[in-house]
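Down below is the structure, laid out as structure tokens.
Excluded from the calculations below are hydrogen atoms, water molecules and symmetry mates; all remaining heavy atoms, backbone and side chain alike, are included. None of these values were measured; they are calculated from a predicted model.
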Amino acid sequence: MQHKVIDVKDVVIRFAGDSGDGMQLTGTLFADSSALDGNGISTFPDYPAEIRAPQGTISGVSGFQVHIGSEAVNTPGDFCDVLVAMNPAALKANAKWAKPTATIIVDTDSFDDTNMAKAGFKTDNPFTELGVEDRTLLVCPITTLTKESLKDSGMDNKSIVRCKNMFTLGMCFFIFNKELDNTYAYLEKKFKKKPELIEPNKKVLFDGFNYAANIQAAPNTYHVAPAKKEKGTYRNINGNQATAWGLLAASEKSGIPLFCGSYPITPATAILEELALHKSLGAKTLQCEDEIAGICTAIGAAYAGNFAVTTTSGPGLSLKSEALGLAMIAELPLVLVDVQRSGPSTGIPTKTEQTDLNQALYGRNGECPIMVMAAHSPSDCFEKAFYAGKFALEHMMPVILLTEGFLGNGSEPWRIPSMKDYPEIKAPRITSCDGPFKPFERDPQTYVRRWAVPGTKGLEHRVGGLEKAPAGNISSDPENHEMMVAARAKKVALTANDIPEIKVIGDPKAELLLVGWGGTFGHLLAAQEQLVSEGRSVALAHIDYINPLPKNTAEVLAGHKTILVCELNSGQFADYLRAKLPQYKYEQLNKVQGQPFIVKDIVDAAYKFIK
């Protein structure tokens, strides 16, 4: 076939189908292949909220969006250039995300009367009904073609049909000029113990590629050049994996073995699973019977001299709150990772939000401030997990690290760092002392107490949930209680001396300052860049350290006509800033839909405040 290969700056592909259609794997393989090609990447897996939704219904649609580019890619993209819809429900749920110039690929074999009715279509022409008949439509019998491709494979019919995602992936590889070799290598590794499945999967992928070529699926194919990156070795990584590796790195730098006690909960479970793979690095993991047991085993491990970690999501953070108070009053090092999801109660388990901030800041009884920090991208989860470990171990206190489902499940290229570039972690461990050991005696500069492993001769001591005097004896003295409460708060506040200052992106005196935290960073950055390219006076301050705030926060907020705080909740960070820095006026952009911002949301909000 004669066609042009057109170089494009970036493209967005959205794969959508039933939960059993393999769209998460298809999107992941496309993203991994693009990463190996050197493209910038950002992904957004969009899982159905129901565990086992009825097949063919909109509630059961599973999606995976991939944004690849020849430059740095900061978001998964607002709207897609290619939409793959494996059934009518997937088309109906996702047609609104297809650009006017988009190509839509559908499997006509699934567009029968039953599936059309399940998806709620009222006519027999779904494209006209959805208003997408003017898009480039590739209406292909993908299931039939998959069966034909594998008719001699010896596989049963059910297994053959499950391979239709690989046929579709082959089509997309043709349209975007992707090599098949990387995916071949993946298949060989995945089915190493079932070698009889390797060649059939390779064949259906190859046949999908050739089918798209032979029917001239696209008059032109597209090429996205590699992005220019800093020299180094890169891999595609998601936020949960990066978090686990950052915690392991903190363990390595401190020389203290890691213990993770956790209870499985969506979308945080993958952190526990990843840590469990690394016993060779000294990591110990325990899957507990509930959230409370998870954090309590971690506290026990911290008392015994381990770097303690527990992982959870919103409902689990609620359950862990009393034990967090125990960790704080005992002044033991603990990192609690909260991968936020929709709430309240169990909420929408697979959807992303930033609605746990107030709980992280205030969700404990008594006066119990805790350090709170947030990661801003999948790869930044490594960085923040490492420093959460550093602060917990060096300051002898619990630290809450907030990530989000969008970050935990999303992925991007990550330059594998050298551990020599990371600072040592020096916990205040002692093995002996002059005179009686006083476990709550503090360093006068940092207010940090010393850490003695139980059983060390001469350092026998008690900690626990009752107020202690500096010598470790239980104390009911009112003045001692007030002194200890103030000392613990002071210790948290003093960590501001060690956290980095905010770096403003753009003019530090811009007319409009966008302010965000956590996983909104990529969308805010893309919006700021678009607005500046239009000649508008806009800057961005993204705040990763929340309690305490960086020392230059007030300076950063000064001098702007408008401060617009953007977050995926009803305004929790805006209210926090009003309490901490009431001298400024804050406008808000909020979204509580279980979905990340789209760049257009932010740009349209900015237009209300700037010319």
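- Residue pairs satisfying the ring pair (Phe, Tyr, Trp, His ring centres under 6.0 Å) criterion with at least one member in residues 301-324, sequence neighbours excluded, are listed as follows: Y303-H461.
- Checked against a 6.0 Å centroid threshold, the rings of W414 and F382 count as neighbours.
- In terms of modelled atom types and a separation under 3.5 Å, the side chain of N569 and the main chain of Q354 share a donor-acceptor contact.
- At a cut-off of 3.5 Å, with distance as the only test, a side-chain donor of S318 or Q359 sits close to an acceptor on the other residue.
- Q588 and N590 share a side-chain donor-acceptor pair at under 3.5 Å.
- For F386 and Y422, the distance between ring centers is under 6.0 angstrom.
- In this structure, L407 CG and S377 OG are separated by 7.0 Å, a value rounded to the nearest 0.5 Å.
- A side-chain N or O of S262 and one of T311 form a donor-acceptor pair less than 3.5 Å apart.
- Within the 4.5 Å cutoff, the side chain of N497 has no heavy atoms near those of the T495 side chain.
- Y545 and M373 get closest at one heavy-atom pair: CE2-CE, 3.5 Å.
- Distance alone, capped at 3.5 Å, places no donor-acceptor pair between the E273 side chain and the I271 backbone.
- Contact detail for P349 and T266: the closest heavy-atom pair is O-CG2, 3.3 Å.
- With hydrogens and angles disregarded, a donor-acceptor distance shorter than 3.5 Å links the side chain of Q572 to the backbone of L357.
- Atom SG of residue C368 and atom CE of residue M328 lie 6.0 Å apart, to the nearest 0.5 angstrom.
- Contact check for T355 versus L568: no side-chain heavy atoms found under the 4.5 Å cut-off.
- Between H395 and D498, the side chains place a donor N or O and an acceptor N or O closer than 3.5 Å (distance only, hydrogens not considered).
- Electrostatic pairing of K351 and D46 counts as a salt bridge here, judged by a charged N lying under 4.0 Å from a carboxylate O.
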**Item:** Verdict with reasoning, L258 to K284, per side-chain contact (heavy atoms from CB on, under 4.5 Å)
**Value:** CA-CA 6 Å; L258 180 148; K284 299 182 288 288; over 6 Å; no
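- Partner of E331 under the salt bridge (Lys or Arg N to Asp or Glu O under 4.0 Å) criterion, out of R450, R442, K468: R442 alone.
- Taking CD1 of I499 as the start and CE of M371 as the end, the distance is 5.5 Å to the nearest 0.5 Å.
- The shortest heavy-atom contact between P428 and V448 is CG-CG1, 3.8 Å.
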**Asked** Is there a side-chain contact (heavy atoms from CB on, under 4.5 Å) between L319 and D290 once you walk through the steps?
**Response** CA-CA 9 Å; L319 291 166; D290 56 42; over 6 Å; no
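- Here CG of L317 is found 7.5 Å from OG of S321. Values are rounded to the nearest 0.5 Å.
- Here the side chain of S19 pairs a donor or acceptor atom with the backbone of G60 at under 3.5 angstrom.
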**Full working for side-chain contact (heavy atoms from CB on, under 4.5 Å) between V453 and T456** = CA-CA 6 Å; V453 175; T456 304; 3.9 Å; yes
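- One N or O on the side chain of D78 and one on the backbone of V599 form a donor-acceptor pair closer than 3.5 Å.
- Taking the six-membered ring where the residue is Trp, Y584 and Y586 present perpendicular rings, their angle passing 60° and hence far from 30°.
- R364 and E322 are not joined by a salt bridge, as no carboxylate oxygen comes within less than 4.0 angstrom of a charged side-chain nitrogen.
- Cation-pi check for R449 over F440 is met; the charged atom lies under 6.0 angstrom from the ring centroid and within 45 degrees of its normal.
- Side-chain polar atoms of S342 and E353 form a donor-acceptor pair below 3.5 angstrom.
- Salt-bridge annotation for R488 and E467: present, with a side-chain N of the basic residue lying under 4.0 Å from a carboxylate O of the acidic one.
- Using modelled atom types, one side-chain atom of N552 and one backbone atom of I502 make a donor-acceptor pair closer than 3.5 Å.
- Checked against the 6.0 Å centroid criterion, the rings of H523 and F597 do not qualify as a close aromatic pair.
- Distance CD1/I370 to CD1/I400: 5.0 Å, rounded to 0.5 Å.
- Side-chain atoms of T553 do not come within 3.5 Å of backbone N or O of L549 as any donor-acceptor pair.
- Salt bridge absent: K503 and E501 never bring a charged side-chain N and a carboxylate O closer than 4.0 Å.
- Residues F609 and E587 meet the side-chain proximity criterion, which asks for heavy atoms closer than 4.5 Å.
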**Request:** Check the pair L334, V399 against side-chain contact (heavy atoms from CB on, under 4.5 Å), reporting the backbone distance first and the verdict last.
**Result:** CA-CA 6 Å; L334 171 74; V399 174; over 6 Å; no
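- Between the side chain of T352 and the backbone N or O of G594, no donor-acceptor pair lies under 3.5 Å.
- Side-chain contact between P550 and P500: absent, with no pair of heavy atoms (C-beta onward) separated by less than 4.5 Å.
- Here CH2 of W245 is found 11.5 Å from CG of L275. Values are rounded to the nearest 0.5 Å.
- Donor-acceptor pairing under 3.5 Å is lacking for the side chains of E567 and T520.
- In this structure, a donor-acceptor pair under 3.5 Å is present between the side chains of T43 and S411.
- Put simply, the side chain of H67 never gets that close to the backbone of I41: no donor and acceptor are under 3.5 Å apart.
- Atom CD of E289 has more than 12 heavy atoms from other residues, nucleotides or ligands within 6.0 Å.
- Between A308 and P333, the shortest heavy-atom contact is CB-O, 3.8 Å.
- A distance-only check finds no donor-acceptor pair linking the side chain of D380 to the backbone of E383 [under 3.5 Å].
- Looking at every heavy atom in both residues, A374 comes nearest to W517 through CB-CE3, 3.8 Å.
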